[in-house]
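Heads up: the structure comes next, in structure tokens.
Every number for a ligand or one of its atoms is a count from 1 in the order of the listing.
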Amino acid sequence: MNWYKVGKASSLKDGDIAKVKVSNREIIIMNINGNYYATSHLCTHEDYDLSEGFIDDGTLICPNHFATFNPKTGEVISPPEGAGDISPLTSFKTKVENGEIMVEA
Ligand code: FES
């Protein structure tokens, strides 16, 4: 596991989601109330790109069928209606150092 710089903290506004590359894989980083979180970028329902998703009330929502995830842990809060269980997202540790968002992967 290594820490990777993924961008300036000041460039990701509250509620923003950005897709970044770490160690040859794409992930998303999110700013929620000044806290930075990172998870895998594909929805576990039908692989929709969650960088197109949105944050609502501290949760990450897939706009395709509205699966809801916990941005901090990747856990599923609610699957799409009628879809049954779906897998959690992979979550990654983050930290901010010298104004840079860092992700461990
Ligand atoms: S693809 Fe994300 S909820 Fe269906």
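- Every atom of ligand 1 is numbered from 1 in the order shown, and the set under 4.0 Å from a heavy atom of Tyr48 is 1 (S).
- When you scan the N, O or S atoms of His65 for the one nearest atom 4 (Fe) of ligand 1, you land on ND1.
- Counted by atom type alone, Thr73 and Ser91 present zero donor-acceptor pairs between their side chains at under 3.5 Å.
- Under a cut-off of 6.0 angstrom, the local environment of NZ in Lys19 is crowded, with over 12 non-hydrogen atoms contributed by other residues, nucleotides or ligands.
- The closest non-hydrogen atom to atom 2 (Fe) of ligand 1, taken over Pro79, Ser78, Cys62, Ala83, comes from Cys62.
- Heavy-atom contacts of Pro80 reach the following atoms of ligand 1: 3 (S) (cutoff under 4.0 Å).
- Checked against atom 4 (Fe) of ligand 1, the N, O or S atom of His45 at the shortest distance is ND1.
- Look at Cys43 and atom 4 (Fe) of ligand 1: no N/O/S atom of the residue is under 2.8 Å from the metal.
- Counting the atoms of ligand 1 from 1 in the order shown, those under 4.0 Å from a heavy atom of Asn64 are 1 (S).
- Heavy atoms from other residues, nucleotides or ligands lying under 6.0 Å from NZ of Lys21 number 12 at most.
- Here the side chains of Pro88 and Phe69 are not in contact, with every heavy-atom distance at 4.5 Å or above.
- Across every non-hydrogen atom of Phe92 and Val103, the tightest pair is CB-CG1, 3.7 Å.
- Residue Asn98 qualifies as open at atom CG: its count of foreign heavy atoms under 6.0 Å is 12 or below.
- Here is the list of ligand 1 atoms found below 4.0 Å of a heavy atom in Ala67: 3 (S).
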